[in-house]
**Q** 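Could you have a look at this structure, given as C-alpha cells, before my questions?
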Amino acid sequence: MGLTEKEKISFMQRCLDLALMGNGSVAPNPMVGCVIVHAGKIIGEGYHKEFGGSHAEVNAIASVSNKTLLPESTVFVSLEPCAHHGKTPPCSDLLVHNKVKEVIIATLDTYSEVAGKGIDHLKKNGIHVETGILEKEARELNKRFFTFHEKKRPYVILKWAQTKNGFIDQARSNGEKGIFWITSPETKVLVHKWRSEEQAILVGKTTILNDDPELTVRAISGKNPVRIIIDPNCEVSLDHKVFSKDAESIVLNRMKEEEIGNVKYLKTEDLSILSILDRIWGQNIQSVFVEGGRATLQQFIDSGLYDEIRVLVGNIELSNGLEAPIVKGIPQHSFSFGKDQVYIYKA
C-alpha cells in the first residue's frame, strides 16, 4: 500500500524543516532537506549543512543503518537532486546507485546545470518520480536561490527604521556624526539576525560618512555579510569601520578597479540600481540587505527592483529631520518587537 497524500505532505514538511537548518551556511547553494521512508517510517534523514559540504541526499543515505532497505524505500527531497559535478558528485547518481524505489520532489531546480536533468536521469534508470508536494513552500524557502537564477539578480531586501511620525534620521544641519538610534536596543538582535541571513549588506557612502557603522553581526552569533558601499568618487577612506577585517567589503565606484586587503574596488560607470544589481550578481551574491541611506533606499523603491521591505517603527517622534522613504501599498505582515513595530511589504 502506497503512502497517502497526508503522509507525503508530512514527510515533505520534515524535509523543509531540515533544510532550514542550513540557513546562513550554504549560500550560494540552496537549502535542501532529505527524508528516506520505508514502510511508512523514516529510516534516514539529512540536510545540506554548509557550502562545499555533502548534500542532503548524501547525508540522508549515510544515516540509514540498514542499506538493504533502500531499494524498497521512498526518498523525499525538497529540491530536485543535482545531475552535474560541482563541489560534490551528482546526487541523482547516488540515488540510482542505491536503487531507491521512488523519489518525491517538492520543486524543480531551475539552475541551468540541473533544470530537470536530475529527474530525467532518475526516470531513465527506472525510478518513479513525483513532483509538486509543497512546491510553493519549497520555492519560498529558497526564494533567494530562485531569484538569483531566474531573474539574474540578487534577492533584495530593503530595511530602515523610522520614527512614529515618519523620520528616518535627525536633522544634521551642524554636521553631527554618529548613529541616531530610533528603535530600542533590543531590536538590534532582530536586525543582526536579518543581516546574518543574507550574503551581502549594502549602503550608500553618506551612511558611512555620517554614521561610521560596522555593518557586521554582533548581537547574535552569525555569519557577517559582505559589505557593499556605493561610493562613486571613492570618498570613504579605509580607516572607516566598514573596512575592518571582520568581513569582505566591496566598493562600487567610477574611479578604479583594484583590491586592497579585504577591500575590493569595482569600477562601475553606470551606478543605476539595475547596473548595481547586475554587478552584485556577477560576484555570485544571491541576496543583499539594503540598510540605507534614504536616497539609496528610495532609488531601489522607485526602480521596482526589490523583493521585500522591512520597516521598523520606533516609539519616538521628532519635530523635524530626514523623512523616511516613500513606499506605496500596504504591508502584508506586521508584528511587535519589544517597544517597536515591524511592517513587512512584498513587491
Side-chain angles (χ1 to χ4, degrees), residues 16-17 20-21 23-24 27 31 136-137 139-144 147 154-170 178-204 207 210-211 213-225 227-228 273 286-318 321-347:
L16 297 179
D17 293 342
L20 193 57
M21 293 171 71
N23 192 19
M31 293 176 279
K136 181 180 177 182
E137 292 81 354
R139 282 188 60 86
E140 173 66 20
L141 177 74
N142 279 308
K143 56 192 176 185
R144 296 160 180 82
T147 297
Y155 189 88
V156 177
I157 301 170
L158 311 180
K159 169 263 169 184
W160 68 85
Q162 66 182 59
T163 64
K164 288 199 292 185
N165 58 339
F167 292 106
I168 195 173
D169 195 6
Q170 63 183 340
I179 298 171
F180 175 69
W181 292 105
I182 293 174
T183 52
S184 57
E186 296 79 14
T187 304
K188 188 182 290 186
V189 174
L190 176 63
V191 173
H192 284 216
K193 178 179 181 295
W194 286 345
R195 286 181 181 179
S196 73
E197 293 170 348
E198 310 311 328
Q199 272 192 277
I201 184 170
L202 181 147
V203 298
T207 296
N210 282 345
D211 299 348
E214 295 178 56
L215 302 182
T216 54
V217 176
R218 303 180 305 281
I220 65 164
S221 176
K223 189 176 181 181
N224 288 325
R227 300 167 296 193
I228 301 174
I273 299 302
Q286 286 189 0
S287 65
V288 60
F289 194 56
V290 182
E291 282 209 36
R294 187 202 184 279
T296 300
L297 289 162
Q298 194 65 58
Q299 286 173 33
F300 270 94
I301 293 170
D302 294 344
S303 74
L305 295 169
Y306 68 91
D307 300 282
E308 292 182 40
I309 298 176
R310 300 174 184 176
V311 182
L312 302 162
V313 179
N315 192 31
I316 65 169
E317 293 189 359
L318 288 173
L322 183 64
E323 293 183 355
I326 299 169
V327 55
K328 296 177 181 179
I330 58 172
Q332 276 80 9
H333 179 51
S334 65
F335 60 92
S336 299
F337 196 89
K339 298 176 182 177
D340 305 318
Q341 293 293 316
V342 182
Y343 297 90
I344 310 292
Y345 298 79
K346 296 290 182 71

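Values below: all heavy atoms of this structure, side chains included; hydrogens, waters and symmetry mates excluded. All of these numbers come straight from a predicted model, not from anything done at the bench.
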**Q** Do Q332 and Y343 meet the criterion of a side-chain donor-acceptor pair at a distance under 3.5 Å?
**A**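 There is no such pair between these side chains.
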**Q** If you measure from the Lys or Arg side-chain nitrogens to the Asp or Glu carboxylate oxygens, is any gap between K188 and E186 under 4.0 Å?
**A**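 No, no charged N to carboxylate O under 4.0 Å.
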**Q** At what distance, to the nearest 0.5 angstrom, does CG of L312 lie from OG1 of T163?
**A**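 The OG1 atom of T163 is 12.5 Å from CG of L312, to the nearest 0.5 Å.
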**Q** Around atom NZ of K143, are there more than 12 heavy atoms from other residues, nucleotides or ligands closer than 6.0 Å?
**A**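 More than 12 heavy atoms, drawn from other residues, nucleotides or ligands, come within 6.0 Å of this atom.
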**Q** Test side chain to side chain contact (heavy atoms under 4.5 Å, CB included) on V342 and L190; report intermediate values, then the result.
**A** CA-CA 10 Å; V342 182; L190 176 63; 4.0 Å; yes
**Q** Which distance, rounded to the nearest 0.5 Å, do you find between the CD of E291 and the CD1 of I228?
**A**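 Separation between the atoms: 12.5 Å.
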**Q** Taking all atoms of both residues into account, what is the closest heavy-atom pair of A161 and I168, and its distance?
**A**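 The answer is O-CG1, 3.4 Å.
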**Q** Given W194 and R310, is the side chain to side chain contact (heavy atoms under 4.5 Å, CB included) satisfied, shown in steps?
**A** CA-CA 10 Å; W194 286 345; R310 300 174 184 176; 3.1 Å; yes
**Q** So do the side chains of Q298 and P325 get within less than 4.5 Å of each other, counting heavy atoms only?
**A**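 SC-SC contact between Q298 and P325 confirmed.
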**Q** Any side-chain heavy atom of I326 within less than 4.5 Å of one from I301?
**A**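 No, too far: nothing below the 4.5 Å cut-off.
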**Q** Heavy atoms, side chains only, cut-off 4.5 Å: are I309 and I344 in contact?
**A**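 Counting from C-beta outward, I309 and I344 never come under 4.5 Å.
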**Q** For L20 and L141, work out which heavy atoms get closest and say how close.
**A**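 Between these two residues, the closest heavy atoms are CD1-CD1, 3.7 Å.
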**Q** Report yes or no: is the cationic atom of R294 (NZ for Lys, CZ for Arg) closer than 6.0 Å to the six-membered ring centre of W160, at no more than 45° off its axis?
**A**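 Output no; distance or angle outside limits.
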**Q** Which heavy-atom pair separates S303 from I273 by the least distance, and what is that distance?
**A**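 Where S303 meets I273 most closely, the heavy atoms are OG-CG2, 3.6 Å.
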**Q** Evaluate E214 against R227 for salt bridge (charged side-chain N to carboxylate O under 4.0 Å, His left out), listing each step before the verdict.
**A** CA-CA 9 Å; E214 295 178 56; R227 300 167 296 193; over 6 Å; no
**Q** Distance from E308 atom CD to I157 atom CD1, nearest 0.5 Å?
**A**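 Answer rounded to 0.5 Å: 4.5 Å.
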**Q** What distance do T187 atom OG1 and Q341 atom CD have between them, rounded to the nearest 0.5 Å?
**A**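 Rounded to the nearest 0.5 Å, the OG1-CD separation comes to 10.0 Å.
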**Q** Checking K164 against I316 for the side chain to side chain contact (heavy atoms under 4.5 Å, CB included) test, could you report, in this order, the C-alpha distance in whole Å, the side-chain angles of both residues, the deciding distance, and whether it holds?
**A** CA-CA 6 Å; K164 288 199 292 185; I316 65 169; over 6 Å; no
**Q** Verify the neighbour count for atom CD of E323: are there more than 12 heavy atoms of other residues, nucleotides or ligands below 6.0 Å?
**A**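 Open.
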**Q** Rounded at 0.5 Å granularity, tell me how far CH2 in W181 sits from CG in D211.
**A**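 Those atoms lie 8.5 Å apart.
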**Q** What are the two closest heavy atoms between V189 and A219, and how far apart are they?
**A**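 Smallest interatomic distance, heavy atoms only, reads CA-CB, 3.9 Å.
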**Q** Hey, can you tell me if F335 and F337 have their rings parallel, tilted or perpendicular (30° and 60° cut-offs)?
**A**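 Answer is perpendicular, since the angle exceeds 60°.
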**Q** Are V217 and P225 packed together at the side-chain level, in the sense that at least one heavy-atom pair is separated by less than 4.5 angstrom?
**A**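 In short, these two side chains touch, coming nearer than 4.5 Å.
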**Q** Just by distance, do the side chain of N315 and the backbone of K339 share a donor-acceptor pair under 3.5 Å?
**A**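 No, because the side chain of N315 does not come within donor-acceptor range (under 3.5 Å) of the backbone of K339.
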**Q** Could you go step by step and tell me if S196 and I220 meet the side chain to side chain contact (heavy atoms under 4.5 Å, CB included) rule?
**A** CA-CA 9 Å; S196 73; I220 65 164; 3.8 Å; yes
**Q** Within the 4.5 Å heavy-atom criterion, are Y345 and V311 side-chain neighbours or not?
**A**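 Yes. Closest side-chain heavy atoms under 4.5 Å.
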**Q** So which atom in V290 and which in T296 form the shortest heavy-atom distance, rounded to 0.1 Å?
**A**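 So the two residues come closest at CG1-CG2, 4.2 Å.
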**Q** Just checking, R195 and F289: is the charged tip under 6.0 Å from the six-membered ring centre and within 45° of the axis?
**A**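 So R195 doesn't make the cation-pi contact.
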**Q** Rounded to the nearest 0.5 Å, what's the gap from CD1 on I182 to CD on Q170? Could you check?
**A**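 Output value for this atom pair is 9.0 Å.
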**Q** Between E198 and V288, is there a side-chain heavy-atom distance shorter than 4.5 Å?
**A**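 In short, these two side chains do not touch, never coming nearer than 4.5 Å.
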**Q** Would you check, one step at a time, whether the test side chain to side chain donor-acceptor pair (under 3.5 Å) holds for S287 with Q199?
**A** CA-CA 5 Å; S287 65; Q199 272 192 277; 5.1 Å; no
**Q** Identify the heavy atoms of R144 and E197 that sit nearest to each other, and give their distance.
**A**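 Result for this residue pair: NE-O, 3.9 Å.
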